[in-house]
Amino acid sequence: MTTGEVRRYFESKRVHWTLHATEERQKDGLEAETVLRALRDSGQMIESFPRGRPGREAASVLVLAWLPDGRPVHVVIGHAEDPWVIVTVYRPDERPTEWNADFTRRRR
């Protein structure tokens with residue numbers, strides 16, 4: 001999966017939000033359309049989990065996108081089925097010890 005594929009997919013808005021993703025998005029005060037627009041406009045795949053993540057069987061990717069106000073957002077997307085599933089959404093700038101300065105790599 002490429003960054004271009006991620007951006008093109010979100011042009012169609014065919015997504016399903018998990019309850020967890022919806023709760024996390026709302027907790028951060030983010031509107032669904034704002035997140036989708038950020039994915040279309042600036043989504044950049046930064047991690048791929050082709051065999052899924054622990055506790056999840058489906059393949060997924062971690063995408064970094066930039067909100068209209070310049071804040072970063074990370075979105076985990078399960079893409080094994082159509083529609084794709086937004087698994088979680090969070091603001092990496094609120095987790096500064098976990099991410100490098102440009103939010104593209106985890107600190108080890």
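Note that the numbering runs from 1 along the sequence shown for the chain. Below, all heavy atoms of this structure are taken into account, side chains as well, without hydrogens, waters or symmetry copies.
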Please check: side-chain N/O of [X] versus main-chain N/O of [Y], any donor-acceptor pairing under 3.5 Å?
{"X": "Ser48", "Y": "Val61", "result": "no"}
{"X": "Thr34", "Y": "Leu30", "result": "no"}
{"X": "Ser60", "Y": "His79", "result": "no"}
{"X": "His16", "Y": "Val87", "result": "no"}

CG-OH distance between Leu39 and Tyr9, expressed to the nearest 0.5 angstrom: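 Result: 12.0 Å between the selected atoms.
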Which distance, rounded to the nearest 0.5 Å, do you find between the CD1 of Ile46 and the CG of Leu64? 5.5 Å
Residues, nucleotides or ligands: over 12 heavy atoms within 6.0 Å of Glu94 CD: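 Correct, the count exceeds 12.
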Does Trp84 have Arg14 sitting over its ring (NZ/CZ under 6.0 Å from centre, angle to axis within 45°)? no
Determine, step by step, whether Arg40 and Glu33 satisfy the salt bridge (Lys or Arg N to Asp or Glu O under 4.0 Å) criterion, reporting the C-alpha distance in whole Å, the side-chain angles of both residues, the deciding distance to 0.1 Å, and the verdict. CA-CA 10 Å; Arg40 284 191 305 268; Glu33 182 54 38; 2.8 Å; yes
Salt bridge check, Arg105 against Glu47: does any charged N sit closer than 4.0 Å to a carboxylate O? no
Is Arg8 salt-bridged to Glu5, going by a charged N under 4.0 Å from an acidic O?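 Here Arg8 does not pair with Glu5 in a salt bridge, since their nearest N and O are not under 4.0 Å apart.
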Could you report the tightest heavy-atom contact between Gln44 and Thr104, atom names first, then the distance? NE2-CG2, 4.3 Å
Minimum-distance pair of heavy atoms, taken over all atoms of Phe10 and Val15: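 That closest heavy-atom pairing would be CE2-CG1, 3.0 Å.
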Go through the steps to decide whether Val75 and Tyr90 satisfy the test side chain to side chain contact (heavy atoms under 4.5 Å, CB included), and finish with yes or no. CA-CA 7 Å; Val75 183; Tyr90 63 90; over 6 Å; no
